[in-house]
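Comments concern the structure below.
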Amino acid sequence: MTSPLRILTVFGTRPEAIKLFPLVHALEADPRFDARVCVSGQHRGMLDQVLAISGITPHHDLAVMQPDQTLDELTARLVTGLGRVMDAEKPDWVVVQGDTATAMAGALAAYYRKIRVAHVEAGLRSHNIYHPWPEEVNRKIIGAIAALHCAPTTVSRDALLAENVPPETVHVTGNTVIDALHWITAKIAADPSLAGGLAELEARFAGKRIIGVTTHRRENFGGGMEAIAEAVRRLAARDDVAVIFPVHLNPNVRAVMDGALGGIANVAMIEPLDYPHFARLLSLADLMLTDSGGVQEEAPALGKPVLVMRETTERPEGVDAGTAKLVGTDADVIVAEAERLLDDRAAYDAMARAHNPFGDGKSAGRICDLLAG
Ligand SMILES: CC(=O)N[C@@H]1[C@@H](OP(=O)(O)OP(=O)(O)OC[C@H]2O[C@@H](n3ccc(=O)[nH]c3=O)[C@H](O)[C@@H]2O)O[C@H](CO)[C@@H](O)[C@@H]1O
């Protein structure tokens, strides 16, 4: 028997951890592989929560974050740290996800050692290198290096083919975020206490239409955040509406929201939720207002309309399928679009019923087969 392929999965932030734990589970369960995991610790607390719930104990933890470190320092620390891990592990493949500094540095360190790179969630493009910055260039660098591109949809596959990526290396696998959502939903069904922390809010807001809000994107800092706060304040003035808003830890988000929304009875500003509680919020919400990438993919899988508070999205599939709508960061537009969904049943049903283009929950298995060749 040939020895199992050694796969080193590298990640460092909450979104990467959510989107990679289903693949790590699948690799661990598959005798074709020897699954190894390295985390960079780019998002410390939020990363560790996902590791705990998904039962993953990394073999390596670089703890790269330092106070006030520049992007240069972070990148240098990541490339050297991840390179050292690769020298020790000697993997057959390095797996990275998405577009973070960790993913880009992991791909680069692997390339320097001529180790094959598999890119999960490949081919997302906004076609603007400063929106989102620096993620758009991170993904392009990874795209130039990877030997296997796992594109979530045909749109992302086509973006890679348009960049002359060799077609035989590009495969449509679906997005592993749907695998993750199915897994956590089943886990909560087996043990509801995992997501029991919202019970008090559920009771307080019984009978109201719940709007879930998240916002954290850098390009919305400043005026965008103020407009989002204003829109939430106006929507919450309705008697039939309650807002549940896990507020990102970034002070650019927190200071604005505390000032504008503090003390409003039907706005619950709460701490960031762990993943089971966030899945619970998605299932409670009538609609989501967000600038998050992952939420644009998850909410449609549960039939929840999403209003995307950004000017552009690298996930046009949801907009094309009718499950998401780009509303930008103009308070009048956000309020008008949210009220249309609240007041026009047909408009709501059209978005809530739309088909979810991001996957069927079986992406991790497909990626394992591709890695095994
Ligand atoms: C440009 C762009 O689109 N970049 C994306 C962005 O990722 P994102 O926008 O998806 O990140 P978040 O909004 O943090 O959501 C992540 C998941 O976290 C869960 N969640 C959320 C709130 C909460 O209170 N508790 C939770 O558990 C929820 O399931 C959600 O899907 O940045 C990443 C690099 O940081 C990129 O790699 C990624 O491409």
Side-chain angles (χ1 to χ4, degrees), residues 5-24 26-28 33-44 46-48 50-51 54 56-66 69-124 132 134-152 160 165 169 173 175-176 293 364 367-368 370-371:
L5 285 169
R6 205 167 170 80
I7 315 285
L8 180 66
T9 304
V10 172
F11 53 96
T13 65
R14 173 177 68 189
E16 290 169 288
I18 290 173
K19 289 174 170 182
L20 283 173
F21 80 68
L23 180 59
V24 173
L27 290 167
E28 283 173 348
F33 304 111
D34 175 10
R36 310 289 295 173
V37 173
C38 174
V39 297
S40 69
Q42 204 185 321
H43 280 172
R44 190 72 269 173
M46 297 194 291
L47 168 72
D48 292 345
V50 181
L51 292 172
S54 59
I56 293 173
T57 307
H59 302 91
H60 303 269
D61 187 335
L62 299 178
V64 289
M65 288 318 273
Q66 307 261 324
Q69 103 187 304
T70 64
L71 217 40
D72 317 54
E73 288 163 339
L74 171 64
T75 305
R77 194 165 281 126
L78 283 166
V79 175
T80 46
L82 293 169
R84 245 177 252 128
V85 171
M86 290 174 203
D87 289 339
E89 290 284 345
K90 303 209 182 336
D92 297 294
W93 285 95
V94 167
V95 176
V96 297
Q97 195 280 340
D99 51 24
T100 64
T102 297
M104 185 273 286
L108 195 60
Y111 169 67
Y112 287 162
R113 290 159 180 78
K114 299 189 178 163
I115 299 169
R116 287 177 293 177
V117 172
H119 188 199
V120 176
E121 198 179 69
L124 273 63
E135 287 94 341
E136 179 76 359
V137 163
N138 286 342
R139 357 166 136 120
K140 290 178 77 134
I141 293 171
I142 302 166
I145 291 171
L148 171 61
H149 306 261
C150 302
L160 292 165
V165 173
T169 65
T173 58
N175 197 313
T176 52
I367 296 170
C368 284
L370 291 165
L371 287 167

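Bear in mind the structure is a predicted one, so any value in this text is a computation, not a measurement.
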Can you check whether [X] reaches [Y] side chain to side chain, under 4.5 Å on heavy atoms?
X	Y	result
Asn175	Glu121	yes
Ile141	Tyr111	no
Thr102	Val96	no
Pro15	His43	yes
Leu74	Gln42	yes
Leu148	Arg116	no
Trp93	Ile115	no

Checking Glu28 now: which residues fulfil side chain to side chain donor-acceptor pair (under 3.5 Å) with it, not counting sequence neighbours?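 Glu28: no side chain to side chain donor-acceptor pair (under 3.5 Å) contacts found.
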Under the rule for side chain to side chain donor-acceptor pair (under 3.5 Å), what residues qualify as partners of Arg113, not counting sequence neighbours?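 Arg113 satisfies side chain to side chain donor-acceptor pair (under 3.5 Å) with Asp87 only.
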How long is the straight-line distance from [atom2] of [Y] back to [atom1] of [X], given to the nearest 0.5 Å?
X	Y	atom1	atom2	answer
Leu8	His59	CG	NE2	9.5 Å
Ile142	Gln97	CD1	CD	9.0 Å
Thr75	Leu108	OG1	CG	9.5 Å

Between Asp99 (side chain) and Glu136 (backbone), is there a donor-acceptor pair under 3.5 Å?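 Side chain of Asp99 to backbone of Glu136: no pair is present.
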Criterion salt bridge (Lys or Arg N to Asp or Glu O under 4.0 Å) on Arg44 and Asp61, from CA distance to verdict: CA-CA 10 Å; Arg44 190 72 269 173; Asp61 187 335; 2.9 Å; yes
Determine, step by step, whether Glu89 and His60 satisfy the side-chain hydrogen bond (donor to acceptor under 3.5 Å, both in side chains) criterion, reporting the C-alpha distance in whole Å, the side-chain angles of both residues, the deciding distance to 0.1 Å, and the verdict. CA-CA 10 Å; Glu89 290 284 345; His60 303 269; 2.6 Å; yes
Steps toward side-chain contact (heavy atoms from CB on, under 4.5 Å) verdict (Ile56, Val37): CA-CA 8 Å; Ile56 293 173; Val37 173; 4.3 Å; yes
When you look at Arg14 and Ile18, which way does the side-chain contact (heavy atoms from CB on, under 4.5 Å) test go after all the steps? CA-CA 6 Å; Arg14 173 177 68 189; Ile18 290 173; 3.8 Å; yes
